[in-house]
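Inspection log for the structure reproduced underneath, given as structure tokens.
Chain identifiers are assigned alphabetically (A, B, ...) following the order of the sequence lines, protein sequences preceding nucleic acid strands; residue numbering begins at 1 within each chain.
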Number of protein chains: 2
Amino acid sequence: MIRVVLAEDQAMVRGALAALLSMEPDLEVVGETGRGDDVVSLARERQADIVLLDIEMPGLDGLQAATKVHAELPGCRAIILTTFGRPGYLQRAMAAGATGFLLKDAPASDLAAAIRRVAAGGVVVDPALAAQALSEGLSPLTARECEVLKAAAGGASIADLARSLHLSEGTVRNHLSSAIQKLGVRNRTEAVQVAEAKGWLSPAPSGRAPAGGTMGPGERGTADP
Amino acid sequence: MIRVVLAEDQAMVRGALAALLSMEPDLEVVGETGRGDDVVSLARERQADIVLLDIEMPGLDGLQAATKVHAELPGCRAIILTTFGRPGYLQRAMAAGATGFLLKDAPASDLAAAIRRVAAGGVVVDPALAAQALSEGLSPLTARECEVLKAAAGGASIADLARSLHLSEGTVRNHLSSAIQKLGVRNRTEAVQVAEAKGWLSPAPSGRAPAGGTMGPGERGTADP
DNA sequence: TTTCGGGCATGACAGACGTCATACCCGGAC
DNA sequence: GTCCGGGTATGACGTCTGTCATGCCCGAAA
């Protein structure tokens with residue numbers, strides 16, 4: 001009997017997936033949650049073999065949750081189940097230690113099959129998406145450029161961005177300009193769309209967490225002119 | 001026995017919903033499709049009592065499909081099942097003759113309950129969303145403003161928009177400026193986001209189809225200066 | 001019939017945006 | 001130890017964007 005925990009933020013979809021899996025005699029849904037931040041405790045408590053993770057979730061996204069599951073629960077495998085076939089998502093899922101990556105576009109029958117294969121020690125990835133992810137390579141954006149782009153996605157002005165990121169307006173302009181050139185587009189709006197489509201935006205793109213920053217904002221040589 | 005047709009573009013979600021409904025003794029899923037444009041024929045052929053429609057679908061969106069179901073199949077009721085609780089969606093769903101409007105955020109048990117209530121002649125709407133929709137009123141955007149905004153969503157420049165819409169650049173600027181002011185925002189990016197969040201963007205917002213336009217683009221008094 | 005709202009256009013203007021050259025500071029690579 | 005990439009900053013420049021005033025054409029409402 002394979003023990004499965006479901007993490008998916010849309011309650012109706014979560015319930016429907018549970019119903020789908022309950023029809024399989026060798027699978028058992030032993031836990032459900034709509035948040036990413038209690039996946040680990042739930043999976044541990046219920047001794048799950050498999051956790052099925054959506055990416056968009058409150059609390060902690062599915063990729064981060066997969067990282068924690070991989071680190072803290074040795075006997076438990078994570079499968080990402082997502083709406084978006086973005087190359088960057090697949091890359092980060094694999095980097096996070098996920099053992100499977102499934103699209104909601106796939107036939108319903110694939111789900112149980114994927115769970116069984118992963119439970120048996122295999123890996124499940126869509127070959128076409130894998131090829132695309134490999135051919136496109138990693139994000140060319142630096143962590144900072146990515147941050148600025150993310151902050152710009154809401155339509156904020158340069159001045160707004162400078163305030164919210166504690167940077168000078170010129171620096172914001174520089175990062176945006178750099179991102180725009182790297183992505184081969186003509187303005188920040190296109191840059192946001194391209195980066196989003198490739199899955200290069202959501203969480204931290206690369207490098208470790210930018211906790212405090214290497215240097216306080218403002219205190220530097222010629223600051224405060 | 002209530003006969004249900006499912007229209008939802010994500011195959012896995014569709015299958016999962018079918019599994020969910022198959023557990024109800026008084027419901028029967030008699031047809032499934034991932035496209036909006038064969039909902040009517042499928043529902044007619046299978047003599048459905050209820051069609052469950054996602055909004056985002058290829059071919060024909062759920063709102064348009066609901067319109068056709070309402071017009072062509074007197075004995076059949078449409079329920080919209082969507083991810084987004086956008087006021088404009090609810091308004092258009094009701095205008096399209098839908099008899100129910102459900103969010104995928106709602107508990108799984110609500111689905112069967114909603115189907116039963118609608119089959120029994122009732123109407124199912126989330127009261128909070130209905131209140132919001134009523135309080136916000138209809139879209140303040142004219143059909144043209146909406147079109148321009150939609151076209152601008154991809155990050156195109158004014159010149160691009162003018163070309164693709166067969167308008168002068170000045171006119172495009174005027175429409176954008178007007179939309180920006182009506183929505184109370186500061187630039188086109190924010191305007192797109194606000195309009196999208198309220199559900200004012202997707203299909204035709206109001207008025208009839210802008211087939212040829214009232215006047216050819218360019219042929220007018222002082223055209224071609 | 002006159003009025004009014006909507007679509008379209010033009011021209012002018014201020015402010016926002018994107019680019020570029022330049023410079024300093026840091027840390028890692030060679 | 002030097003070089004180089006990344007982050008930050010400044011100033012200058014040209015272009016794009018958003019606003020406004022103004023005008024014309026149309027159809028519907030008053």
Side-chain angles (χ1 to χ4, degrees), chain A residues 139-149 151-152 155-163 165-192 205-208 210-225, chain B residues 139-149 151-152 155-163 165-192 205-208 210-225:
Chain A
S139 169
L141 302 176
T142 67
R144 213 55 170 139
E145 285 159 0
C146 190
E147 268 182 275
V148 175
L149 214 48
S157 71
I158 300 250
D160 293 337
L161 298 176
R163 263 190 300 280
L165 296 170
H166 305 292
L167 290 174
S168 86
E169 303 194 4
T171 301
V172 172
R173 272 206 296 272
N174 288 342
H175 284 312
L176 281 177
S177 178
S178 172
I180 287 168
Q181 290 183 305
K182 285 180 179 177
L183 298 178
V185 295
R186 287 174 311 170
N187 54 51
R188 70 178 82 171
T189 308
E190 286 186 358
V192 165
S206 64
R208 348 155 200 41
T214 54
M215 179 185 299
E219 51 267 24
R220 185 184 313 81
T222 50
D224 288 299
Chain B
S139 170
L141 302 176
T142 68
R144 212 57 168 139
E145 286 159 0
C146 189
E147 268 182 274
V148 175
L149 215 48
S157 70
I158 300 255
D160 293 337
L161 298 176
R163 262 191 300 280
L165 296 170
H166 304 292
L167 289 173
S168 87
E169 303 194 3
T171 301
V172 171
R173 273 208 295 272
N174 288 341
H175 284 312
L176 281 177
S177 178
S178 171
I180 287 168
Q181 290 184 302
K182 284 180 178 177
L183 299 178
V185 295
R186 287 174 311 171
N187 55 52
R188 69 178 82 172
T189 309
E190 287 186 356
V192 166
S206 64
R208 343 146 204 51
T214 54
M215 178 187 298
E219 50 267 23
R220 184 184 316 81
T222 51
D224 286 298

On the nucleotide D:dT19, are OP1 or OP2 found under 4.0 Å from the side-chain N or O atoms that B:Arg173 carries? no
Would you say a side-chain N or O of A:Thr142 is under 4.0 Å from OP1 or OP2 of D:dG6? no
| said: Base, sugar-phosphate or nothing for A:Ser157? Non-hydrogen atoms, less than 4.0 Å. | reply: sugar-phosphate
Rounding to 0.5 Å, atoms NZ (A:Lys182) and OG (A:Ser177) come to a distance of 11.0 Å
**Prompt:** Should B:Arg188 be listed as having a side-chain N or O under 4.0 Å from OP1 or OP2 of D:dT17?
**Reply:** yes
B:Leu176 CG to C:dA9 P, in whole Å, measures 14 Å
When rounded to the nearest 0.5 Å, the distance separating CG of A:Leu167 from CZ of A:Arg144 is 4.5 Å
Separation of C:dC26 atom C1' from A:Arg144 atom CZ, nearest Å, is 15 Å
When rounded to whole Å, the CG to C1' distance for the pair B:Leu161 and C:dC8 reads 16 Å
Practice item. Give the C-alpha distance, both sets of side-chain angles, the deciding distance and a yes or no for side-chain contact (heavy atoms from CB on, under 4.5 Å) between B:Leu176 and B:Leu161. Key: CA-CA 11 Å; B:Leu176 281 177; B:Leu161 298 176; 4.1 Å; yes
DNA chain C nearest-nucleotide lookup for A:Asn174 and A:Ala159: closer to the 5′ end is A:Ala159
In whole angstroms, the gap separating P of C:dG5 from CG of B:Leu141 amounts to 17 Å
Strictly below 4.0 Å: does B:Thr171 bring a side-chain N or O up to OP1 or OP2 of C:dC8? no
Would the distance check show the side chain of B:Asn187 and the main-chain N or O of A:Ser157 forming a donor-acceptor pair, the cut-off being under 3.5 Å?
no
Below the 4.0 Å mark, does C:dG18 have OP1 or OP2 next to a side-chain nitrogen or oxygen of A:Arg186? no
Residue pair A:Gly155/A:Gly170 against DNA chain C: nearer the 5' end by closest nucleotide is A:Gly155
Under 3.5 Å, side chain of B:Glu190 to main-chain N/O of B:Arg186, donor-acceptor pair present?
-> yes
- Hey, is the side chain of A:Ser177 poking within less than 4.0 Å of OP1 or OP2 on C:dT19, counting only N and O atoms? yes
Here the distance between atom P of D:dG11 and atom CD of A:Glu169, to the nearest Å, is 12 Å
Rounded to whole Å, NE2 of B:His166 lies from C1' of C:dA9 at a distance of 17 Å
B:His175 atom NE2 is separated from D:dT19 atom C1', nearest whole Å, by 15 Å
A:Lys182 atom NZ is separated from C:dT19 atom C1', nearest whole Å, by 16 Å
State whether the distance check finds a donor on one side and an acceptor on the other, under 3.5 Å, for side chain A:Asn187 versus base D:dT17.
-> no
